[in-house]
Amino acid sequence: QLQLVESGGGLVQPGGSLRLSCAASGVTLDTYVMGWYRQAPGKEREGVSCISIRGLNTYYADSVNGRFTVPRDNAKNMLYLEMASLKPEDTAIYYCAGGREATAHALCVRPQNLSARWGQGTQVTVSS
């Protein structure tokens with residue numbers, strides 16, 4: 001029922017910035033914990049950054065903490081990932097996700113019964 005579409009990826013130089021967007025349809029986001037995952041070639045999908053329903057609590061993977069932020073706009077049914085100081089190791093396909101987990105941490109680290117199927121994601125390539 002919850003459908004998510006990612007956009008905003010592209011090629012960026014190391015040290016650059018990028019803003020990803022996730023548009024939701026089917027239902028409003030105001031009952032979902034939301035977040036971003038990424039999957040690099042040869043690696044498992046990992047939780048990058050997640051945010052609680054009202055945005056009062058966030059989780060960031062150690063690898064991105066201090067460089068990424070994950071704002072949400074429930075009124076517009078949008079989730080964002082603001083990426084700065086990008087590194088080549090950030091190269092991956094980025095996916096957004098939503099669920100009724102209890103916390104942002106839970107959605108990113110121990111997701112269960114996600115409320116939307118994985119979409120196509122958006123490719124982020126960090127290279128000079």
What pairs with Ser17 under side-chain hydrogen bond (donor to acceptor under 3.5 Å, both in side chains), at least two apart in sequence or on another chain?
none

For Leu11, what are the other residues in its hydrophobic cluster, where any two members join if their side-chain heavy atoms are less than 4.5 angstrom apart?
none

Any residue meeting side-chain hydrogen bond (donor to acceptor under 3.5 Å, both in side chains) with Thr69, in chain and number order, not counting sequence neighbours:
Glu82

Contact list for residues 91-128, test disulfide (SG to SG under 2.5 Å), sequence neighbours left out
Cys22-Cys96, Cys50-Cys108

Residues which pass side-chain hydrogen bond (donor to acceptor under 3.5 Å, both in side chains) with Thr28, listed by chain and number, not counting sequence neighbours
Asp30

Would you please name every residue forming a salt bridge (Lys or Arg N to Asp or Glu O under 4.0 Å) with Glu89, sequence neighbours left out?
none

So, using ring pair (Phe, Tyr, Trp, His ring centres under 6.0 Å) as the criterion, who are the partners of Tyr94 when residues are at least two apart?
none

Pairing residues for Thr103 by the side chain to side chain contact (heavy atoms under 4.5 Å, CB included) criterion, not counting sequence neighbours
His105, Ala106

Identify the heavy atoms of Leu29 and Asn77 that sit nearest to each other, and give their distance.
N-OD1, 3.0 Å

State, yes or no, whether a side-chain contact exists between Pro14 and Ser127 at a heavy-atom distance under 4.5 Å.
no

Heavy atoms of Thr122 and Gly9 approach each other most closely as OG1-N, 2.9 Å

Tell me if a side-chain donor or acceptor on Ser21 pairs with a main-chain N or O of Ser7 at a distance below 3.5 Å.
no

Between the side chain of Glu101 and the main-chain N/O of Pro111, is any donor-acceptor distance below 3.5 Å?
no

Walk me through it: do Asn65 and Arg67 pass the test side-chain hydrogen bond (donor to acceptor under 3.5 Å, both in side chains)?
CA-CA 5 Å; Asn65 191 32; Arg67 300 187 297 117; over 6 Å; no

Less than 4.5 Å apart, any side-chain heavy atom of Leu20 and any of Glu6?
no

Does Leu86 belong to the same Ile/Leu/Val/Met/Phe/Trp/Tyr cluster as Leu81, with side-chain heavy atoms less than 4.5 Å apart forming each link?
yes

Joint hydrophobic cluster, Val27 plus Ile51, side-chain heavy atoms closer than 4.5 Å
yes

Would one find more than 12 heavy atoms of other residues, nucleotides or ligands at under 6.0 Å from atom CD of Gln120?
no

Does any donor atom in the side chain of Arg100 or Thr31 lie under 3.5 Å from an acceptor atom in the other side chain?
yes

With Arg38 via salt bridge (Lys or Arg N to Asp or Glu O under 4.0 Å) - residues at least two apart
Glu46, Asp90

Is Val48 reachable from Leu4 through a run of hydrophobic residues whose side-chain heavy atoms are each under 4.5 Å from the next?
yes

Residues which pass side-chain hydrogen bond (donor to acceptor under 3.5 Å, both in side chains) with Ser85, listed by chain and number, not counting sequence neighbours:
none

Return each pair, listed once, that meets side-chain hydrogen bond (donor to acceptor under 3.5 Å, both in side chains) where at least one residue sits in residues 48-62; pairs must be two or more places apart or across chains.
none

Using the ring pair (Phe, Tyr, Trp, His ring centres under 6.0 Å) criterion, which residues pair with Tyr95? Sequence neighbours excluded.
Trp118

Shared hydrophobic cluster, Val12 / Trp36 (ILVMFWY, side-chain heavy atoms < 4.5 Å)
yes

Closest non-hydrogen atom pair between Arg72 and Met34, with its separation:
NH2-CG, 3.4 Å

If Ile, Leu, Val, Met, Phe, Trp and Tyr residues are connected whenever their side-chain heavy atoms lie under 4.5 Å apart, and connections chain through other members, are Val124 and Ile93 in the same group?
no

